[in-house]
Number of protein chains: 2
Amino acid sequence: MAQRSAPSTIVDVAKAAGVSVATVSRALRGMDRVSPSTRERVRRVADELSYLASPTATSLASGQTRIIGVVVPFASRWYFASMMSAIAKAMRDRGYQVLLFDVEPEPCGGRLELTRSMLWKRVDGVISINVAMTEGELELLRGVHVPVVSIGYDLPDRSSVGIDDYAAARTATDHVLDLGHREVAYIGAALEPNELVETPRERRRAFTEAIEKRGLPLRDEWILATDWTPQHAHDLTVDLMRSASPRPTAIVCASDEIAMGTCLALTELGLGVPEDVSVVGIDDHTMAGLFSLTTVRQDFVAQGEQAAALLLESIAAQERSAFQPQRVVIDTELIVRGSTAPPRRQDSDGSG
Amino acid sequence: MAQRSAPSTIVDVAKAAGVSVATVSRALRGMDRVSPSTRERVRRVADELSYLASPTATSLASGQTRIIGVVVPFASRWYFASMMSAIAKAMRDRGYQVLLFDVEPEPCGGRLELTRSMLWKRVDGVISINVAMTEGELELLRGVHVPVVSIGYDLPDRSSVGIDDYAAARTATDHVLDLGHREVAYIGAALEPNELVETPRERRRAFTEAIEKRGLPLRDEWILATDWTPQHAHDLTVDLMRSASPRPTAIVCASDEIAMGTCLALTELGLGVPEDVSVVGIDDHTMAGLFSLTTVRQDFVAQGEQAAALLLESIAAQERSAFQPQRVVIDTELIVRGSTAPPRRQDSDGSG
DNA sequence: GGCCGGTGTCTAAGCGCTTGCATAGAGGCG
DNA sequence: CGCCTCTATGCAAGCGCTTAGACACCGGCC
């Protein structure tokens, strides 16, 4: 007589357990005001009927979807994919699922903007990874009362997690400086027009300040800006090494992908890494080991965890309307591999 | 008097337009049995109230979530991230959102299995990218009546899209063979225990058959299997080139990531690509150009589009309970870059 | 003029939960 | 022994939509 076809609802469980649906709901969700024996019985019956609360019904009634959105500018790029994956895992552990908002720009035209229909009553919160939110989007998010935490940059009145970009780039630069390099170039990222995104600026500032701190000359033509792609970095490196005289003996890269492009370019030009040129990156990319790349590692898992935690806090706080934004900074770590070494002894030193 | 705070519901629109909620629902969803004038009025009122149907309520009432799940074994790897991104875009164009099911194996233990709670009443369908479904999962999917389309492999009684793995690998192999290479190695992927996943097997078979077709000897020790990572490919390449005698003059790789690992290894060993060894891959990875990699390109956008289309068909067909699985094969294309060239003239040819 | 088939619209019954409030017992207390 | 306080449970009103079926109205037809 048991209906194997139709999945059982809370009503079935209530009937089978001889209680009201309200009690079933309470019992199964671990709320108080349910006697231990009733709870146990309800649980057993629910199990037997392999009852599972309908998420859509639950959402409608409770107003919560247990889904969060993750906004990324380029879902297929390594950094974003890695971060997304880390977030998805952290969220899964907390009982949430992740909706993908890939706002990658179409060939023509700017990136996709978040809309009310993507968010409203759809997600309990949003994690935005390094995407410069427009003023309109920020207002939208405020309007639909969706908490946000940002990764990699800060949003007004929102929690955020990220690494210390300045410190990471400073560590990378100081590393080659400590090895004795004095002719050091920097390949970074183009500065974003959006003021909120500080990574390109901060990393570059760290580089220039590290150079200046040692009293070394700062050459503008040795500070290059990419679109973060290895290809672009490759091309810039070729130009740089062809035209510069003297040539830099070390190149600090704002990311490992940039560094990989640079390494490939150097090899192509017949320059040895690190014999002729040292290269250091930031990230600890999956392929960094392959390139023997010295780098400053950032921890995706930790960032995903923190972002998840902060978002849930924001959600909870919103309900109590008692929200205090927080900033969490995750440590980075210098990983020394084979792409950096002291500069080759110069026959001409210039000094004296 | 207008409540800017509370978002308007269908009831508000109905009142303001002087019709019943049923009419609003019909009018807004473009159903028939609504007079043009009424429809127009309802539309205008809805606009004015900036009404948006609550997705949770709609889902509860209609039984559809307009969300699909994408199952990937490693969300952060390039292939999966690219495919996911393509799917997300194709689905977005069709009014669906994408829920991420990253089933990446934990350090210890197998991969995460899909559960009823991840699927039931949550997604209208699932696209599974190259993940070997267990028998339990297949049954689960059947049980919850969630249509599935698979990418990169076939599932019994379900639609699928993919490239012709055999043809792709055959093209790659024939390419180096046509260039005159006779000492050719293959670095592929370990064969999956799951019978459904044929990519590793098919690509390898294409290689061996191409070799045999030309009457060339097949050396087992020149057929290597990786876990798809460049690092593994790198290590295998180093071993191969150190131990083999004679050495292969060309290496066919089952993917571009493998090919990149191989190229890096060769460079490290002081071997030129393509002067000493030609390398060909499959995929046309974002970084393939950087490595000047000759490769067989596969089109992610087309695959994502097709998968989306097939899934929507499956969903529609399921409602009419008239489903016919389909298999769509997307063409691949040889992209010749600089990593392949005729073999260097051998002083010893061995022949006669 | 009565009958009929369309249209356009409404009524109301769900969809399957959550939750505020009412209530029935069970003790504890004076 | 009556009264009050708690605790465990039930009742029922939502949550905001979809949709089957009822119904009114209209013109056309014999």
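Computed from a predicted structure; not experimentally measured. Chain identifiers are assigned alphabetically (A, B, ...) following the order of the sequence lines, protein sequences preceding nucleic acid strands; residue numbering begins at 1 within each chain.
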(Q) Expressed as a whole number of angstroms, how long is the span from Leu60(A):CG to dC17(D):C1'? (A) 8 Å

(Q) What is the separation between atom CD on Gln64(B) and atom C1' on dC15(C), rounded to the nearest whole Å? (A) 14 Å

Q. Contact class for Thr38(B) (heavy atom, under 4.0 Å): base, sugar-phosphate, or nothing?
A. sugar-phosphate

(Q) Given dG16(C), dG16(D), dT18(C), identify the nucleotide with an atom nearest to the side chain of Arg29(A). (A) dT18(C)

Q) For Leu52(A) and dC15(C), what is the distance between atoms CG and C1' respectively, to the nearest whole Å? A) 16 Å

Q | Under 4.0 angstrom between Arg33(B) side-chain N/O and dT9(C) OP1 or OP2 | A | no

Q: Would you check if there is a donor-acceptor pair between the side chains of Asn130(B) and Tyr79(B) at a distance under 3.5 Å?
A: yes

(Q) Whether Arg41(A) and Glu48(A) form a salt bridge (side-chain N of Lys/Arg under 4.0 Å from carboxylate O of Asp/Glu) is what I want to check. (A) no

Q.
Looking only at the side chains, is there a donor atom on one of Thr56(A) and Ser59(A) sitting less than 3.5 Å from an acceptor on the other?
A. no

Q) Can you tell me if the side-chain N/O atoms of Ser20(B) get under 4.0 Å from OP1 or OP2 in dC10(C)? A) yes

Q: Classify the nucleic acid contact of Ala53(B) as base, sugar-phosphate or nothing, counting any heavy atom under 4.0 Å across all strands shown.
A: sugar-phosphate

Q: Tell me which of Ser37(B) and Ala61(B) sits closer to the 5' end of DNA chain C, going by the nucleotide each one is nearest to.
A: Ser37(B)

Q) Closer than 4.0 Å, any side-chain N/O of Arg39(A) to the OP1 or OP2 of dA8(D)? A) no

Q) On DNA chain D, nearest-nucleotide positions of Pro36(A) versus Val21(A): which is more 5'? A) Pro36(A)

Q | Interatomic distance where NZ belongs to Lys121(B) and P belongs to dC17(D) [whole Å] | A | 18 Å

Q | Given dG16(C), dT18(D), dG10(D), the nucleotide with the shortest approach to the side chain of Thr23(A) | A | dG10(D)

Q.
Any heavy-atom pair between the side chains of Phe101(B) and Ser128(B) that's under 4.5 Å?
A. no

(Q) Whether Ser35(B) contacts dT9(C) is assessed here as follows: a side-chain N or O lying under 4.0 Å from the phosphate OP1 or OP2. Is that the case? (A) yes

Q: Report yes if at least one side-chain N or O of Ser25(B) is closer than 4.0 Å to OP1 or OP2 of dC17(D); otherwise report no.
A: no

Q.
Base, sugar-phosphate or nothing for Leu28(A)? Non-hydrogen atoms, less than 4.0 Å.
A. nothing

Q. Has Arg26(A) got a side-chain N or O lying under 4.0 Å from the OP1 or OP2 atom of dA8(D)?
A. no

Q | Nearest-angstrom distance from the residue atom CD1 of Ile10(B) to P of dT11(C) | A | 14 Å

**Q.** Residues Thr23(B) and Ser20(B): side-chain donor-acceptor under 3.5 angstrom
**A.** yes

Q. Over how many whole Å does the gap from Arg122(B) atom CZ to dC17(C) atom P extend?
A. 13 Å

Q) Under 4.0 Å between a side-chain N/O of Thr58(A) and OP1 or OP2 of dG16(C), yes or no? A) no

Q.
Rounding to an integer number of Å, can you tell me how far Asp32(B) CG sits from dG6(C) P?
A. 14 Å

Q | Closest listed nucleotide, where the reference is the side chain of Val19(A) and the choices are dC17(C), dG10(D), dT9(C) | A | dG10(D)

Q) Between dT18(D), dT19(C), dG16(D), which one does the side chain of Ala22(A) approach most closely? A) dT19(C)

Q | Minimum side-chain heavy-atom gap Glu313(B)-Gln324(B) below 4.5 Å | A | no

**Q.** Atom-to-atom span, CE of Met31(B) to P of dT9(C) - whole angstrom
**A.** 14 Å

